[in-house]
Structures are given as C-alpha cells and as structure tokens.
Protein chains: 2
Amino acid sequence: MLRIGEVAARAGVSVRALRYYEEQGLLEAERSASGQRRYAESAVGRVQFIQQLYAAGLNSKDVLEVLPCVHTGVATPAMLARLVDQRDGIDRQIAELTQARARLDEIIRIGQEHVPAVAAS
Amino acid sequence: MLRIGEVAARAGVSVRALRYYEEQGLLEAERSASGQRRYAESAVGRVQFIQQLYAAGLNSKDVLEVLPCVHTGVATPAMLARLVDQRDGIDRQIAELTQARARLDEIIRIGQEHVPAVAAS
DNA sequence: GTTGCCTCTGACGTCAACGTGAGGTCCTAG
DNA sequence: CTAGGACCTCACGTTGACGTCAGAGGCAAC
C-alpha cells in the first residue's frame, strides 16, 4: 500500500492532482486508521493512463466514462460507442498534429536553407 | 479585403477569437475609414494554422514566436531552435496519443469480445 | 518527547482562450 | 430613410485542472 506522495512521485504528478482525481471519482483509495490515503500499486499505472487521456483532450467526465471499462474489462454497447468516439477523436487529433508537424517541418527546412552557414557540418 | 465575419466563417472560428488573436499580436488587419477590420485573403489560412498550433498544445506566446517565420520565411538560429523544440514537443504528443489510442483500442477489442452478440454480422 | 517531513480538509487563486452582454456605430437593401 | 444585420470597444464571466495557503494532525527517527 502506497502513500499519496509515493504515488505522485512515481506517476509524475502532484499530490493535489491525485486528490483532485479522487474528487472526480477517477481514483479510489483506502484509508488508514488515521484517515490517510493508501493506494494499491496499480494506482500508478492508472494515474498515468488518466494523464494520457487528459493529454488526448478528454475532460474528467470523458475519462470517467472510459475508465470503468479499463478496470472491469467489460463494456456495455453504449460504453463501446463512447470508446469508439473517443478513439476517433484521438485519430482526428493525431491527423491534425501530423499536419501541423509537417508545416512546422517545412518552415524549419526553409529556415535552414536561408541560414545555412551555421549548421553546415 | 474580407470583413471579420467572413474570415471567421471561412476559418471556422468565432469573431471574438479573431479579435483575441489581434490582441495577442497573432493577426493583423487593416482598418476601413470607419474603423472596421479588413483582412487579406491569406488571413484565413493563417488563422487555420494558428488553430492547428493551438491544437498542438502551443499557447499564444509560443505561436507568436513561431508565426514570424511563416510569414517571412526567414528564421534566426534562435528561432530555428524554438521551431525544432516545438516540433519535438509535437512528436512527443503524437507518441503519447498513439499510445493512448492503442490502449483504448485494446479496451474496445476486449469489450467487443465480451459483448459479441450485438455486433456479430 | 520533539524535530521534521508527510498528510489531512477546506477554500480561495490562477491562467488561457475565449464567451457574453452593454451600449453605440456602420452599411446596405428595400 | 429606415430596418436590421454586422461591426466597434470596453469589460466582466466561464471553465477545467489543478496551485497554493492556512491550520491541524500523523509518523518515523533520534
């Protein structure tokens, strides 16, 4: 059983974030006799996945819809539809990012042509 | 010369957003005699690129650093370094998204196995 | 037993990218 | 010449994911 600081350090987030996740129903913790949170080892991976979903543009409500499937491995048809929606959203984001990356890349290429004296090895 | 509503409609953003971009120094506009903004045709593409950069996780300050290179086609070595940094950031984001997508995908796959009676064609 | 770090519960602060009126002006179609 | 959109400038409101501070208690070491 891990304490909150330990989980935060391992998952690379703040202690405040973990309390916030609990507030949002994203993360459960047992309590010690004195009321301190105790986490299972699996909490670290769970938190990292939550971070990934946030990074993918989901809000905490979306994450809340997705997470039960992760834990139970079971999904209702409605949940599956949501999951597919979220995956499609991520696909669109990846496509946009790829396009933005390509544009940035071309800007860099042009920039290097115009200032070639420095990087020429 | 386009009016603000026209640019907003074509670029798929709000009028308020365009004023905000101007406020942040991201987008310039001439003014008519009565003070109304008049945009060049190129503003539409510029706005769309700004949106892509926002979607890529850049804030307006970052965008402000990147945009001059787009317009002039010239970049100082420092600017080039920033551009490369931003591109690397986008690469990291794409990697994260791809990983999140893979995890979602597996959840969907497992979910479909557990509820096969519906989707079976 | 006390020092020093960890944790607790509120509860207000923050920051970016706009949203949303208020109150007034412009413009163009009929 | 007037009705009604589109546009203008303030300027406050919103939202999500935390940051941060206050005041109090917990825990392991010395």
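Per chain, numbering begins at 1; letters A, B, ... match sequence-line order. Both backbone and side-chain heavy atoms feed into the values below; hydrogens, waters and symmetry mates do not.
- Look at CD on Gln36(B): it is 18 Å from P on dG24(C), rounded to the nearest Å.
- Electrostatic pairing of Glu22(B) and Arg31(B) counts as a salt bridge here, judged by a charged N lying under 4.0 Å from a carboxylate O.
- Cation-pi geometry between Arg3(A) and Tyr39(A) is not met: the NZ or CZ atom fails to fall both under 6.0 Å from the ring centre and inside 45° of the normal.
- A salt bridge does not link Arg19(A) to Glu23(A): none of the charged side-chain nitrogens sits closer than 4.0 Å to a carboxylate oxygen.
- The span of DNA chain D lying next to chain A, judged by atoms under 4.0 Å from heavy atoms, is bounded 5' to 3' by dA17(D) to dC27(D).
- The neighbour count for Glu30(A) CD, taken as heavy atoms of other residues, nucleotides or ligands under 6.0 Å away, does not exceed 12.
- The residues Asp88(B) and Arg92(B) are annotated as not salt-bridged, no charged nitrogen and carboxylate oxygen being separated by less than 4.0 angstrom.
- Atom CG of Leu53(A) and atom CG of Leu104(B) lie 6.0 Å apart (nearest 0.5 Å).
- Ion pairing between Arg10(A) and Glu41(A) holds under the 4.0 Å rule for side-chain N and carboxylate O.
- Listed by residue number, the members of residues 28-35 of chain A with any heavy atom below 4.0 angstrom from DNA chain C are Arg31(A), Gly35(A).
- Heavy-atom contacts from other residues, nucleotides or ligands closer than 6.0 Å to CD of Glu106(B) number 12 or fewer.
- When heavy atoms are screened at a 4.0 angstrom cut-off, Arg37(A) is found touching the sugar-phosphate backbone but no base atom.
- By the 4.0 Å N-to-carboxylate-O rule, Arg109(A) lies close enough to Glu113(A) to be salt-bridged with it.
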Dump every N/O contact between nucleotides 14-20 of chain C and the protein below 3.5 Å, one line per pair.
from: dA17(C); atom 1: OP1; to: Ser60(B); atom 2: N; distance (Å): 3.4
from: dA17(C); atom 1: OP2; to: Tyr20(B); atom 2: OH; distance (Å): 3.3
from: dA17(C); atom 1: OP2; to: Ser60(B); atom 2: N; distance (Å): 3.4
from: dA17(C); atom 1: OP2; to: Ser60(B); atom 2: OG; distance (Å): 3.0
from: dC18(C); atom 1: OP2; to: Tyr21(B); atom 2: OH; distance (Å): 3.1
from: dG19(C); atom 1: OP2; to: Ser14(B); atom 2: OG; distance (Å): 2.6
from: dG19(C); atom 1: N7; to: Arg16(B); atom 2: NE; distance (Å): 3.3
from: dG19(C); atom 1: O6; to: Arg16(B); atom 2: NH2; distance (Å): 3.2
from: dT20(C); atom 1: O4; to: Arg16(B); atom 2: NE; distance (Å): 3.2

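- Crowding of Arg103(B) atom CZ: a count of heavy atoms from other residues, nucleotides or ligands under 6.0 Å exceeding 12.
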